[in-house]
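A short write-up of the structure that comes next.
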Amino acid sequence: MKKVATRFAPSPTGPLHIGGVRTALFNWLYSKSKNGSFYLRIEDTDKERSKDVYKEQIIKSLKWIGVENDGDEYIQSKKIDDHIKVANKLLKNGHAYKCYCTNEEIEEQKKRAKQKKIPYIYDRKWRDKSETEAPKDIKPTIRFKSKIDGSSVLKDLVQGDVKIDNNTIEDFIILRNDGSPTYNLSASVDDHQMDITHIIRGDDHKINTFKQMQIYLAMKWELPTFAHIPLIHTTEGKKLSKRDKASTLDDYSTIGIIPEALRNYLLRLGWSYKDKEIFTKEESIKYFNLEGIGKSPSKLDMSRILSMNEHYIKNMNENDLYNQLSKYCESYKSKIPNEKSEKIKKSLSFLKNKAKSLEDILHNSKYIIDDVINFNKEDSKLIDDNAKKIISEFSISISKIDRLERNTLEPIINDLIKSHNTNFKGIGQPLRITLTGSKFGPGIYDIITSLGKEEVQKRLAAKIV
RNA sequence: GGUCCCUUCGUCUAUCGGUUAGGACACAUGGUUUUCAUCCAUGAAAGAGGGGUUCGAUUCCCCUAGGGACCGCCA
């Protein structure tokens with residue numbers, strides 16, 4: 001048995017979208033589950049649209065979610081000479097031919113086909129013509145001499161056997177009239193040269209596969225195994241594209257989705273293993289298989305992403321969580337001030353229980369980070385004279401104790417409840433508003449202990465005046 | 001229009017001919033709770049339709065309907 005090798009082959013014409021990330025994840029998981037290799041191939045042969053920034057962004061995105069390629073990135077444009085060599089070989093073998101049709105001629109045919117509502121397919125005009133008839137002033141394209149009779153079967157590991165009549169596959173161009181190779185040629189040659197054994201990709205490539213298989217056959221190369229996975233759809237049920245909202249990886253990292261959660265979500269989108277929902281990275285490698293991939297497209301569900309994120313945040317140790325949070329703040333918000341980092345880190349134990357995202361954590365820890373509190377106007381109104389009295393009494397009481405801890409604070413609060421003939425809310429709410437600026441937030445004991453005595457007294461004093 | 005693919009709760013899915021059709025998210029209700037949450041409990045919620053095959057179909061086959069992908073000298 002050959003060593004399993006998979007690849008992810010994006011073109012750097014835009015930021016990676018979530019469907020691409022899932023394809024990469026599946027390829028990576030499959031190879032790792034088989035102890036094989038996973039390669040990243042940048043298909044940058046479209047010189048017009050390929051951008052280096054996108055290439056870097058793709059690499060960064062994959063790294064972010066934990067999909068790491070073996071070896072260096074394979075840059076397709078560096079292999080163009082190899083692609084051309086194969087085209088020439090196919091030409092020599094009689095598996096390809098020169099086509100002298102002009103662009104205008106082809107366009108005209110397409111237009112006519114559309115008018116007649118019949119499917120356009122290149123009419124194979126130059127398939128059997130001799131070189132002597134060739135016009136001198138036209139640079140030809142090279143077309144692959146595709147099978148006309150019979151049918152072909154794609155043995156797909158996800159889709160099953162897909163049968164198609166050979167005459168529906170046209171004589172596709174493999175070399176443009178400027179001599180550059182096209183996608184189907186380049187991809188086939190690269191996959192062969194990289195010894196790719198399993199090609200896992202979106203099912204929008206299914207028709208291409210029939211073209212690529214013919215190139216393999218003509219070159220007498222060993223065919224790889226194919227697995228075409230259903231595409232991810234938007235909530236409207238259409239193919240996800242880069243232009244859709246919330247479709248790129250960055251859209252998720254911006255709102256504080258952590259990579260482990262997105263990885264787990266994407267894994268379970270269109271794939272399942274019994275009733276299991278949560279998979280560590282190791283488990284996902286252990287259990288991943290192609291049989292578990294469903295055949296129907298699935299829709300993105302934000303509430304599920306969020307709930308997965310919540311789960312990972314709650315179950316992450318506080319050091320790791322702090323690192324994630326701090327990276328997140330630095331990239332998308334503003335850096336957590338050094339002098340606040342310890343306080344935040346300590347508060348994570350309760351902050352993480354109230355958060356669905358890193359953004360939520362940051363929001364709930366605003367009262368620690370900001371020295372000047374932004375009071376919510378409505379909430380501020382709740383601080384009436386009576387409330388001020390409570391705050392003032394509380395302030396005096398805590399000045400008598402050294403350390404603010406739950407067990408030293410509890411008696412003070414209880415006394416206040418009694419003396420003011422109220423309930424916990426009657427004491428807790430004014431304190432929370434005074435200390436954080438809002439009536440929502442962490443538990444009052446958590447707020448007080450996380451701020452520390454000095455800061456608490458400062459904030460209480462500011463409100464009493 | 002042609003070719004191909006798909007169809008179980010709102011969503012992601014389990015079921016590989018025999019189940020009260022299971023789980024998760026979301027939702028609803030109740031409880032715990034100092035707010036918001038968390039947490040716990042409970043509930044509502046599905047086999048697109050029609051034919052076959054079979055003792056028995058969600059499961060196998062066919063048709064219909066609906067949805068999707070592809071149909072570039074883009075990848």
Side-chain angles (χ1 to χ4, degrees), chain A residues 9-13 43-46 48-50 76 99 101-103 106-107 110 113-114 116-121 139-143 154 156 158-160 162-165 167-170 172-184 186-187 202-208 210 228 230-231 233 235 237-239 265 268-278 291-292 294-308 310-311 314 350 352-356 360 364 379 413 417 423-429 431-433 436 438-445 447:
Chain A
S11 59
T13 54
E43 305 211 324
D44 59 343
T45 50
D46 184 339
E48 294 280 302
R49 297 193 300 149
S50 294
Q76 188 165 62
C99 166
C101 288
T102 60
N103 233 325
I106 300 289
E107 287 304 320
K110 281 185 189 173
K114 210 170 180 181
K116 285 192 197 161
K117 291 203 167 176
I118 52 167
Y120 163 77
I121 184 166
K139 274 190 187 169
T141 58
I142 309 295
R143 284 181 185 270
L154 159 63
D156 194 286
V158 170
Q159 311 262 336
V162 182
K163 195 175 156 190
I164 200 173
D165 283 343
N167 62 23
T168 57
I169 304 294
E170 68 167 353
F172 54 96
I173 291 172
I174 54 176
L175 236 47
R176 301 183 184 93
N177 63 6
D178 67 358
S180 64
T182 60
Y183 167 72
N184 281 302
S186 295
D203 68 12
D204 50 343
H205 279 292
K206 233 186 305 178
I207 294 297
N208 286 328
F210 287 95
H228 288 92
L231 301 173
H233 282 180
T235 35
K238 301 268 186 252
K239 174 185 177 180
Y265 171 77
R268 278 289 285 99
L269 188 66
W271 178 84
S272 64
Y273 179 80
K274 299 181 180 168
D275 272 346
K276 198 169 162 58
E277 299 284 351
I278 304 297
E291 295 79 55
K295 293 176 81 174
S296 54
S298 34
K299 290 173 189 163
L300 240 26
D301 180 4
M302 195 57 198
S303 69
R304 216 170 142 76
I305 296 176
L306 245 20
S307 111
M308 190 64 83
E310 186 180 11
H311 177 271
K314 282 202 172 67
F350 61 85
K352 71 178 182 183
N353 288 322
K354 309 176 80 72
K356 275 184 161 33
D360 287 348
N364 276 325
D379 294 346
I413 303 250
I417 292 173
N423 55 16
F424 197 104
K425 194 179 174 187
I427 308 300
Q429 195 175 67
L431 284 177
R432 176 179 291 107
I433 293 171
T436 70
S438 162
K439 64 177 173 183
F440 305 129
I444 195 69
Y445 293 116
I447 293 172

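Letters A, B, ... mirror the listed sequences (proteins, then strands); counts begin at 1.
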Hey, which sits more toward the 5' end of RNA chain B by its nearest nucleotide, Gly270(A) or Pro181(A)?
Gly270(A)
What's Thr13(A) touching, base or sugar-phosphate or nothing? Going by heavy atoms closer than 4.0 Å.
nothing
Donor-acceptor pair, side chain of Tyr265(A) and main chain of Asp301(A), under 3.5 angstrom
yes
OP1 or OP2 of A14(B) versus the side-chain N and O atoms of Lys274(A): is any pair under 4.0 Å?
no
Name the pairing partner of G1(B), where a pair is Watson-Crick or G-U wobble with both distances under 3.5 Å, or state none.
C71(B)
Using a 4.0 Å heavy-atom cut-off across all strands, classify Asn208(A) as base, sugar-phosphate, or nothing.
base
Does the base of A24(B) carry an N or O that pairs as donor and acceptor with the side chain of Arg268(A) under 3.5 Å?
no
A65(B) - base-pair partner by Watson-Crick or wobble geometry, distances under 3.5 Å:
U7(B)
Hey, does the side chain of Asp156(A) reach the backbone of His228(A) with a donor-acceptor pair shorter than 3.5 angstrom?
yes
Could you check which nucleotide pairs with A41(B) in any of the strands shown, counting Watson-Crick or G-U wobble with both distances under 3.5 Å?
U29(B)
Check every strand shown and say whether Thr141(A) touches a base, only sugar-phosphate, or nothing at a heavy-atom separation below 4.0 Å.
base
If we take the C1' atom in both A24(B) and U8(B), what is their distance in whole Å?
15 Å
Can you tell me how far apart OG1 (Thr182(A)) and CG (Leu175(A)) are? Round to the nearest 0.5 Å.
7.5 Å
Per-nt protein contacts along nucleotides 32-43 of chain B (heavy atom under 4.0 Å; B base, S backbone sugar-phosphate only, - none) come out as --BBBBS-----
Hey, could you give me the CD1/CG distance between Ile173(A) and Asn184(A), rounded to the nearest 0.5 Å?
11.5 Å
Length of the line joining Leu306(A):CG and C12(B):P, which is rounded to integer Å:
17 Å
Nearest-Å distance once atom P is located in both A57(B) and G50(B)
14 Å
Look at all strands and tell whether Lys276(A) reaches a base, only sugar-phosphate, or nothing, counting heavy atoms closer than 4.0 Å.
nothing
C6(B) to U29(B) separation - P atoms, rounded to the nearest Å
41 Å
Tell me whether the side-chain N/O atoms of Ser298(A) come closer than 4.0 Å to OP1 or OP2 in U13(B).
yes
Kindly indicate whether the side chain of Leu300(A), heavy atoms from C-beta on, has any atom under 4.5 Å from the side chain of Leu269(A).
yes
Quick one: label Cys101(A) by what it contacts on the DNA or RNA (base, sugar-phosphate, nothing), any heavy atom closer than 4.0 Å.
base
Measuring from atom CG of Asp46(A) to atom OG1 of Thr13(A), what distance do you get when rounded to the nearest 0.5 angstrom?
7.5 Å
Taking the C1' atom in each of A45(B) and C5(B), what is the distance between them to the nearest angstrom?
29 Å
Nearest-0.5 Å distance that lies between atom CH2 in Trp271(A) and atom CD in Glu291(A)
10.5 Å
If you look at every strand shown and take non-hydrogen atoms under 4.0 Å, does Glu291(A) touch a base, only sugar-phosphate, or nothing?
nothing
Asp204(A) near the nucleic acid: base, sugar-phosphate alone, or nothing, with a heavy-atom cut-off under 4.0 Å?
sugar-phosphate
Check this one for me: any side-chain N or O of Ser272(A) less than 4.0 Å away from OP1 or OP2 of A14(B)?
yes
For U19(B), which nucleotide is its Watson-Crick or G-U wobble mate, given both distances must be under 3.5 Å?
none
Euclidean distance for P, U33(B) against A46(B) (whole angstrom)
36 Å
With sugar-phosphate meaning primed atoms plus P, OP1 and OP2, does Ile173(A) contact a base, only sugar-phosphate, or nothing at under 4.0 Å between heavy atoms?
base
Who pairs with A46(B) - Watson-Crick or G-U, where each distance is under 3.5 Å
none
What distance, rounded to whole Å, do you find between the two C1' atoms, one in G47(B) and one in U59(B)?
10 Å
Interatomic distance at C1', A48(B) relative to U7(B), whole Å
7 Å
Answer yes or no: is there a donor N or O on one side and an acceptor on the other, between the side chain of Asp178(A) and the main chain of Ser180(A), under 3.5 Å?
yes
Where protein sits on nucleotides 59-67 of chain B, one letter per nucleotide: B base, S sugar-phosphate only, - none, heavy atoms under 4.0 Å
---------
Side-chain donor or acceptor of Lys276(A) paired with backbone N/O of Ile278(A) under 3.5 Å:
yes
For A26(B) and C40(B), measure between their P atoms and round to the nearest Å.
12 Å
